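Report on the following structure.
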Amino acid sequence: MANPAIILRRAAIEDAEAVARIFDDLSAVAGTMQLPWPSVEGWQKRMVTQEDDHIELVALIGDQLVGTAGIRGEAKPRRRHVAHVWIAIADAWQGQGVGSCLMAELIHLADRWLNVSRLELTVYTDNAAAIALYRKFGFVIEGEHQRHAYRNGEWVNSYSMARLRPILEEGGACV
């Protein structure tokens with residue numbers, strides 16, 4: 001069976017409840033800095049206050065919201081070439097191309113629209129699937145943060161990863 005079509009669009013306030021549900025999933029929340037049991041109101045506020053340098057996307061399969069991702073540019077003049085990216089996928093849809101589609105679009109935005117030449121992220125060192133995804137898109141590990149966050153009763157380390165924009169080639173999103 002072929003994978004169903006993944007549709008990407010900018011997140012809207014109406015998506016807050018579905019995005020909050022993603023973070024009710026154990027592995028989705030465990031792979032991020034979010035806390036379990038997020039409030040819909042918190043996500044609504046986040047979506048309403050998006051600035052021009054912050055783009056939050058959602059991924060849909062049919063009418064089901066299955067993932068979210070974002071890019072936020074740096075404000076400091078000497079770091080305006082840098083943006084931070086993040087992704088979260090609902091447990092049931094992990095490993096099915098949703099993360100790749102979202103990352104391809106974030107990179108497309110960074111390279112071709114935002115003039116960002118450096119993308120940065122942090123990822124827990126035990127999140128092998130996410131690390132593999134990021135490497136697939138040219139991110140490299142630049143360092144390791146010890147005891148970076150407290151998760152489910154224990155300290156976890158994270159990697160600092162970055163991607164430097166290569167010379168642009170032709171191509172589109174969702175590779």
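These numbers were taken from a predicted model, which means no experiment stands behind them. We're numbering straight along the sequence, starting at 1.
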Roughly how far, to the nearest 0.5 Å, is the [atom2] atom of [Y] from the [atom1] atom of [X]?
{"X": "S117", "Y": "L164", "atom1": "OG", "atom2": "CG", "value": "7.0 Å"}
{"X": "L121", "Y": "F139", "atom1": "CG", "atom2": "CZ", "value": "5.0 Å"}
{"X": "L102", "Y": "F137", "atom1": "CG", "atom2": "CZ", "value": "9.5 Å"}
{"X": "N127", "Y": "Y159", "atom1": "CG", "atom2": "OH", "value": "11.0 Å"}
{"X": "I71", "Y": "H108", "atom1": "CD1", "atom2": "NE2", "value": "11.5 Å"}
{"X": "T122", "Y": "E144", "atom1": "OG1", "atom2": "CD", "value": "12.5 Å"}

Please name the pair of heavy atoms, one in [X] and one in [Y], separated by the smallest distance, quoted to 0.1 Å.
{"X": "A75", "Y": "R80", "result": "O-NE, 3.2 Å"}
{"X": "L65", "Y": "A18", "result": "CB-CB, 3.8 Å"}
{"X": "A59", "Y": "V98", "result": "CB-CG1, 3.7 Å"}
{"X": "L106", "Y": "A69", "result": "CD1-CB, 3.8 Å"}
{"X": "A88", "Y": "F23", "result": "CB-CZ, 3.5 Å"}
{"X": "S100", "Y": "L133", "result": "OG-CD1, 3.4 Å"}

Polar side-chain atom of [X] near backbone of [Y] as donor-acceptor pair, under 3.5 Å:
{"X": "S160", "Y": "E142", "answer": "no"}
{"X": "Q94", "Y": "I89", "answer": "yes"}
{"X": "N157", "Y": "T125", "answer": "no"}
{"X": "R72", "Y": "H54", "answer": "no"}

Could you tell me if the side chain of [Y] sits less than 4.5 Å from the side chain of [X], heavy atoms only?
{"X": "T68", "Y": "E56", "answer": "yes"}
{"X": "R135", "Y": "V140", "answer": "no"}
{"X": "T32", "Y": "W86", "answer": "no"}
{"X": "E105", "Y": "L57", "answer": "yes"}
{"X": "H148", "Y": "V156", "answer": "no"}
{"X": "I6", "Y": "L60", "answer": "no"}
{"X": "V123", "Y": "S158", "answer": "no"}

Which is it for R79 and E120 under the side chain to side chain contact (heavy atoms under 4.5 Å, CB included) test, yes or no, and what are the steps along the way?
CA-CA 12 Å; R79 298 247 317 144; E120 298 177 341; 3.0 Å; yes

So, are [X] and [Y] salt-bridged, with charged N and O less than 4.0 Å apart?
{"X": "R163", "Y": "D111", "answer": "yes"}
{"X": "D15", "Y": "R10", "answer": "no"}
{"X": "E154", "Y": "R147", "answer": "no"}

For this session: Show your working on side chain to side chain contact (heavy atoms under 4.5 Å, CB included) between R21 and V40 and close with a plain yes or no.
Result: CA-CA 9 Å; R21 266 197 311 272; V40 172; over 6 Å; no

Derivation and outcome, side chain to side chain contact (heavy atoms under 4.5 Å, CB included), residues N115 and R165 | CA-CA 9 Å; N115 196 25; R165 181 176 64 210; 3.4 Å; yes

- Query: Mind checking who shares a hydrophobic cluster with W155, ILVMFWY linked at side-chain heavy-atom distances under 4.5 Å?
  - Reply: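 In the cluster with W155 are Y150.
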
Go through the side-chain N and O atoms of E74 and H81 and say whether any donor and acceptor fall under 3.5 Å apart. no

Are L119 and V82 in one and the same hydrophobic cluster, where Ile, Leu, Val, Met, Phe, Trp and Tyr link if side-chain heavy atoms are under 4.5 Å apart?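 No, it is not one cluster - the side chains of L119 and V82 are not joined through contacts under 4.5 Å.
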
